[in-house]
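We number each residue from 1, following the sequence as shown. All values derive from a computational prediction rather than experimental measurement.
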Amino acid sequence: MFAVIWSAVDVFFRQGLQFLIAVLLARLLSPEDFGLIAILYIFTAIAGLFIDSGFSSALIQHQDINPSDESTVFYFNLGMAALMSLVLCAAAPLIADFFARPILRDLVFILAVSQFIGAFGAIHTALLTKKLLFKTIMQAGVVSSTLSGGLALFLAYQGYGVWSLAWQALAASMTNIMALWFLHRWTPQLVFSRASLKKLFNFGGFLFISGLLDVLYTRMHIVLIGKLFSVSDLGIYNRALNTRQMPINILESVFNRVAFPVFSSAATDKAVLVNGIKTALIVMMSINIPVMLGLALTANSFTLVMFGEKWLPAAPILQILCFAGLLWPLHTVNLNALMAQGHSKLFFRIEVIKKFIGISATVAACYYDVIAFAWIQIFTGLIAFIINAHYTGALLGYHALRQIRDILPFLCIGIAATFLAALSRQFLLLSPLFELLLQTGIGGLFYILFCLIFIKKNHLGKTFGQILAR
């Protein structure tokens, strides 16, 4: 229970703080500034995957980890971080030339240093997550987000533009590492074991390749939009994507931090694992459904109030992405179930199939406009759910139809509450702020009311009680 509470406090506080900083930065900076930094995220994300190589997940999944394993992963991370930082610096001129933006060359150097520094804390985060010690992660995150966000706001106000975002990333890495080392007194031993690498890579290696495919696919949109359209268009799309992802990231961070270690410990008991999957799925979807539908409904007023009129073109993209985001917890829970059982090879094969379909759809979107990249996420999301749930059904008997049946009441209630909230706009002419508050209030009130009326109280209470007990 305390693990969930501290995980929730960490995520809500840190995500809330980061969102507040993002809102303020959006009013100080231009879509082009955010588009420039978004271009580089695919390269830093790929570098981050090579640095970790799946070992963090392997440390969490394995129940027989020893100090030699931990130290080996730490030194491996540092070595790969140094190599990836050099590769990024060497590739900087090519990246700048490809996108015809000379400023990207110097930006890459700053982010490369940030990647290297971040490697010093990867082992701490993995070990703390394994032990469900989220309070320590929260404390480090709060320090990091506050200091780096404050620096970014100061630089943006002084007119440094995109550089404020680059220095924010570097400051976040430095402060987070210092806080983790201070709060979590873990120190590596002078040992590097090939046996440890082999043991952990047998599981983590396939997750690394799967993660690489996922980053290439999800960030491929960014590269294509930045290359085929404009950096401003990329900034607009990325603003919509990041806004949609904020509530999803909160849910994923709260439940997945706890779910993966707990699922892993129950991997040998199929009945317990299925019950845990069902519990996590119901709780996540009961929250995600009203949030995604509400955000889709209020996309215009939300964008105007939070980011300003210059970001209004992001609203229709946000609406489409929210409908795609309805399915997100379904993917997360099903994939966590596979990883917890140690099926990393199967996980990899599934990712290959899904990414092949996704890449094909993304290529087709290139012939249209930026909004087409959002529409394909709905299509690929449906396909991904069918594939993911198929294997959960084959291995555990919890197939797609059972999952849909469990979440269907919340979906129907969410649609009804959103419809009633939408009606309020037809009778009142309000400013964007009051429209946002009114529709959010009406939708939320009716969703809670309908849940109390139509959802069995003992079932809903039992479900939330189970997730807290874990």
Side-chain angles (χ1 to χ4, degrees), residues 8 11-31 33-34 145 149 152-153 156-157 232 235-251 285-326 328 370-371 374 410-455:
V11 173
F12 276 101
F13 191 92
R14 194 167 7 153
Q15 291 282 348
L17 182 60
Q18 290 174 352
F19 180 71
L20 175 61
I21 293 170
V23 168
L24 296 175
L25 287 173
R27 293 183 171 275
L28 294 170
L29 303 175
S30 68
D33 291 328
F34 284 93
S145 298
L153 289 172
Y157 184 76
S232 293
I236 293 293
Y237 180 88
N238 208 51
R239 170 59 54 211
L241 181 63
N242 288 340
T243 302
R244 191 282 303 268
Q245 279 303 116
M246 187 192 66
I248 289 176
N249 288 341
I250 290 175
L251 277 176
M285 289 300 288
S286 67
I287 299 171
N288 186 65
I289 286 171
V291 171
M292 286 295 105
L293 291 178
L295 191 54
L297 173 66
T298 61
N300 279 283
S301 56
F302 184 90
T303 303
L304 278 172
V305 171
M306 294 297 174
F307 306 116
E309 190 173 351
K310 64 184 175 183
W311 292 98
L312 196 56
I317 301 174
L318 175 59
Q319 289 178 315
I320 299 169
L321 291 175
C322 284
F323 289 116
L326 281 171
W328 202 276
V370 175
I371 291 183
F410 298 100
L411 181 60
C412 293
I413 289 173
I415 292 173
T418 304
F419 176 74
L420 291 174
L423 287 179
S424 66
R425 187 179 182 183
Q426 307 301 318
F427 303 104
L428 297 171
L429 296 176
L430 301 172
S431 67
L433 175 59
F434 284 105
E435 180 182 314
L436 175 62
L437 294 175
L438 179 67
Q439 291 187 326
T440 301
I442 291 176
L445 178 63
F446 276 107
Y447 182 79
I448 294 172
L449 181 63
F450 289 160
C451 281
L452 293 175
I453 295 174
F454 296 108
I455 303 295

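- Considering all non-hydrogen atoms of both residues, Ala240 and Leu318 come closest at O-CD1, 3.5 Å.
- Nearest heavy atom pair, residue Ile289 against residue Gly414, reads CG2-CA, 4.2 Å.
- Of the inter-residue distances, the one linking Ile287 atom CD1 with Ile248 atom CD1 reads 13.0 Å to the nearest 0.5 angstrom.
- With rounding to the nearest 0.5 angstrom, the CD1 atom of Ile317 is 10.0 Å from the CG atom of Leu241.
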Determine whether Tyr237 and Leu321 satisfy the following criterion, side-chain contact (heavy atoms from CB on, under 4.5 Å), listing intermediate values before the conclusion. CA-CA 10 Å; Tyr237 180 88; Leu321 291 175; 4.2 Å; yes

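- Judged purely by atom type and a 3.5 angstrom limit, Asn242 has no side-chain atom pairing as donor or acceptor with the backbone of Arg239.
- The two residues Ser232 and Pro31 make their nearest non-hydrogen contact at O-CB, 3.9 Å.
- Closest approach of Leu28 to Leu153, counting heavy atoms only: CD1-O, 4.1 Å.
- Going from atom CG of Leu293 over to atom CZ of Phe419 covers 13.5 Å, rounded to the nearest 0.5 Å.
- Judged as a ring pair (Phe, Tyr, Trp, His ring centres under 6.0 Å), and not counting sequence neighbours, the contacts of Phe446 are Phe450.
- Here Gln18 pairs with Ser145 under the side chain to side chain donor-acceptor pair (under 3.5 Å) rule; sequence neighbours left out.
- The CG atom of Leu449 sits 10.0 Å away from the CG atom of Leu420 when rounded to the nearest 0.5 Å.
- Residues Trp328 and Gln245 have side chains in contact (heavy-atom distance under 4.5 Å, counting atoms from C-beta outward).
- Within the model, atoms CG of Asn238 and OG1 of Thr243 stand 9.0 Å from one another, a figure rounded to the nearest 0.5 Å.
- In this structure Asn300 satisfies the side chain to side chain donor-acceptor pair (under 3.5 Å) test with no other residue, sequence neighbours excluded.
- Within the structure, side chain to side chain donor-acceptor pair (under 3.5 Å) contacts touching residues 442-451 (residues at least two apart or in different chains) do not occur.
- Not one N or O on the side chain of Asn288 forms a donor-acceptor pair closer than 3.5 Å with the backbone of Pro247.
- The shortest side-chain heavy-atom distance between Met246 and Phe19 falls under the 4.5 Å cut-off.
- A distance of 7.0 Å separates CD1 in Ile21 from CG in Leu25, rounded to the nearest 0.5 Å.
- Nearest heavy-atom pair, Gly443 versus Ala417, reported as atom, atom and distance to 0.1 Å: O-CB, 3.6 Å.
- Take Ala324 and apply the side chain to side chain contact (heavy atoms under 4.5 Å, CB included) test, not counting sequence neighbours, and it matches Arg244, Gln377, Ile378.
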Could you list the donor-acceptor pairs under 3.5 angstrom formed by side chains in residues 305-314, with sequence neighbours left out?
unit_1 : atom_1 : unit_2 : atom_2 : d
Lys310 : NZ     : Ala26  : O      : 3.2
Lys310 : NZ     : Leu29  : O      : 2.6
Trp311 : NE1    : Ala26  : O      : 3.0

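- Residues satisfying the side chain to side chain contact (heavy atoms under 4.5 Å, CB included) criterion with Ile448, sequence neighbours excluded, are Leu452.
- With sequence neighbours excluded, the residues forming a side chain to side chain contact (heavy atoms under 4.5 Å, CB included) with Ser301 are Thr298, Pro432, Glu435, Leu436, listed by chain and number.
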